Amino acid sequence: MSANRETNHDMATDRDIALLLAEAADEVEIGIAPYQAVLRGGRRRKARRWATAAAAALVIAGSTGTLALAGGTGDDGKRVEPAVTAPPAPERRHVYDPQMTTLARARDNGKDWSVSIMVWGAPKNEAEAQYQRTLMGEYGLTPTDTEVASDLIGKSWIFVELLVGDGDPMTALDGPVKKGDGDGSTDIEVVSRSLDTGRSGAAGAAERLVIGKVDPTARDVTCVWDDGTSTRVPMEEEGAGHGWELKPMIHRVAGSPANWFVCLAPEGRSFKGAHIDALT
């Protein structure tokens, strides 16, 4: 084969290949780059990542909650069971065993007398209320304005008792603990009655004995008598001890949100009024 023939053959081959490539290129459609599809795909992947992270967070939170309920392990690796808090028993709530506080104790006309407060805790159901009412009866107590045991459910009950000499205790007043007791009110509630210790014990005797209830913010009370004289009743001092005779003071009472006090008028005098002189 001559050189010309070889050259012509190579050129023909190159032209044939070029034509084939051109035809193949003409059949290929080159469109717009799929940007939106790529973008949507990216967003979907990002959304899946957020969903996966959220699910993981829920699993962790759920596991933490389960561990808190089921218990964990202590420093020594031993399993620590969660503490289960049971509702207070009736005994702890003083439903069957009332709390007692002595407000006043003194001697008048040769007779000892005292005023005490008894606070019964609130029953939660019929059974507790029924048993409480039975125990109150053993103390000789009947809650005022109640007909059946269920009237006591949900109510703490206060009895104020007066004891003179060797006689039986007498209920000076009673009633449920009020929701407004101890709420910062400046009101003062009092009841007055005669004190039968001898000469003043006749019918129509002067109401010398005063029993009062005030908010814990009250620091000083004055009882005023019908002749214009008065008796100051200060707040008891924290941790102060008392002798046999309790002087007129405002006392904290176990089981009562309010504080209480007692004052006694001089012989022959009668109660006229009372007022709060100082607040905290």
Side-chain angles (χ1 to χ4, degrees), residues 65-72 79-105 113-185 187-193 209 211-218 236 242 246 250-262:
T66 302
L67 287 172
L69 293 174
R79 183 174 180 79
V80 178
E81 295 298 332
V84 179
T85 303
E91 290 77 11
R92 288 187 58 191
R93 289 183 278 116
H94 296 278
V95 176
Y96 307 142
D97 182 21
Q99 299 179 80
M100 305 281 290
T101 302
T102 301
L103 293 182
R105 186 171 54 227
W113 64 272
S114 64
V115 175
S116 300
I117 286 189
M118 184 184 299
V119 182
W120 298 74
K124 288 189 174 182
N125 51 52
E126 180 79 27
E128 290 185 4
Q130 185 61 60
Y131 188 41
Q132 183 185 72
R133 192 176 179 88
T134 299
L135 293 176
M136 286 179 175
E138 293 181 2
Y139 278 88
L141 305 172
T142 301
T144 301
D145 297 329
T146 62
E147 296 181 359
V148 293
S150 59
D151 291 335
L152 299 173
I153 296 176
K155 301 174 183 177
S156 293
W157 209 272
I158 292 180
F159 290 91
V160 181
E161 291 198 307
L162 169 64
L163 177 63
V164 179
D166 296 328
D168 294 326
M170 298 171 285
T171 300
L173 63 97
D174 75 284
V177 173
K178 297 180 180 178
K179 293 182 179 180
D181 287 349
D183 64 354
S185 171
D187 293 340
I188 182 170
E189 297 183 30
V190 298
V191 60
S192 61
R193 56 165 298 155
L209 183 66
I211 302 169
K213 178 177 70 174
V214 291
D215 187 84
T217 58
E236 66 176 338
H242 304 294
L246 292 179
I250 302 171
H251 293 277
R252 300 174 185 87
V253 172
S256 170
N259 290 342
W260 294 74
F261 67 91
V262 172

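Computed from a predicted model, the values in this text were never measured in an experiment.
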Ile158 CD1 to Gln99 CD distance, which is reported to the nearest 0.5 Å: 10.5 Å
Pro143 side chain reached by Phe159 side chain, heavy atoms, under 4.5 Å: yes
Glu126 side chain to Ala149 backbone, donor-acceptor under 3.5 Å: no
Leu163 side, atom CG; Met170 side, atom CE - distance, nearest 0.5 Å: 7.5 Å
Asp183 versus Ser185, closest heavy-atom pair with distance: OD1-N, 3.2 Å
Separation between CG of Leu152 and NZ of Lys124, rounded to the nearest 0.5 Å: 16.0 Å
CD (Glu91) with more than 12 external heavy atoms under 6.0 Å: yes
Distance in Å, Leu162 CG paired with Ser114 OG, rounded so as to fall on 0.5 Å steps: 7.0 Å
Given Leu246, Ile250, Ile211, Thr102, the one that forms side chain to side chain contact (heavy atoms under 4.5 Å, CB included) with Val262: Ile211
Derivation and outcome, side-chain contact (heavy atoms from CB on, under 4.5 Å), residues Thr101 and Trp260: CA-CA 10 Å; Thr101 302; Trp260 294 74; over 6 Å; no
Side-chain heavy atoms of Thr146 within contact of Arg133, under 4.5 Å: yes
Side chain to side chain contact (heavy atoms under 4.5 Å, CB included) against Leu135, all qualifying residues, sequence neighbours excluded: Tyr96, Trp120, Tyr131, Glu138
Heavy-atom neighbours of Lys178 NZ exceed 12 at 6.0 Å: no
Under 3.5 Å: donor-acceptor pair, side chain of Ser256, backbone of Val253: no
Donor-acceptor contact present, side-chain Asp174 to main-chain Thr144, <3.5 Å: yes
Check: Asp215/Thr217 side-chain N/O donor and acceptor closer than 3.5 Å: yes
Distance-minimising heavy-atom pair for Ala258 and Pro216: CA-CD, 4.4 Å
Residue pair Glu147 / Asp151: nearest heavy atoms and the distance that separates them: N-OD2, 2.8 Å
Minimum heavy-atom distance Met136-Trp157, with the two atoms named: CE-CB, 4.1 Å
Residue pair Pro88 / Arg93: nearest heavy atoms and the distance that separates them: O-NE, 3.1 Å
Trace of the side-chain contact (heavy atoms from CB on, under 4.5 Å) decision for Leu141 with Met118: CA-CA 11 Å; Leu141 305 172; Met118 184 184 299; 3.5 Å; yes
Atom pair CG (Asn125) and CD (Gln130), whose distance is rounded to the nearest 0.5 Å: 11.0 Å
Pairwise side-chain contact, Glu236 with Asn259, heavy-atom cut-off 4.5 Å (strictly under): no
Distance, nearest 0.5 Å, that separates CZ of Arg193 from CG of Leu209: 7.0 Å
Contact summary for Gly255 and Val177, nearest pair of heavy atoms: O-CG2, 4.5 Å
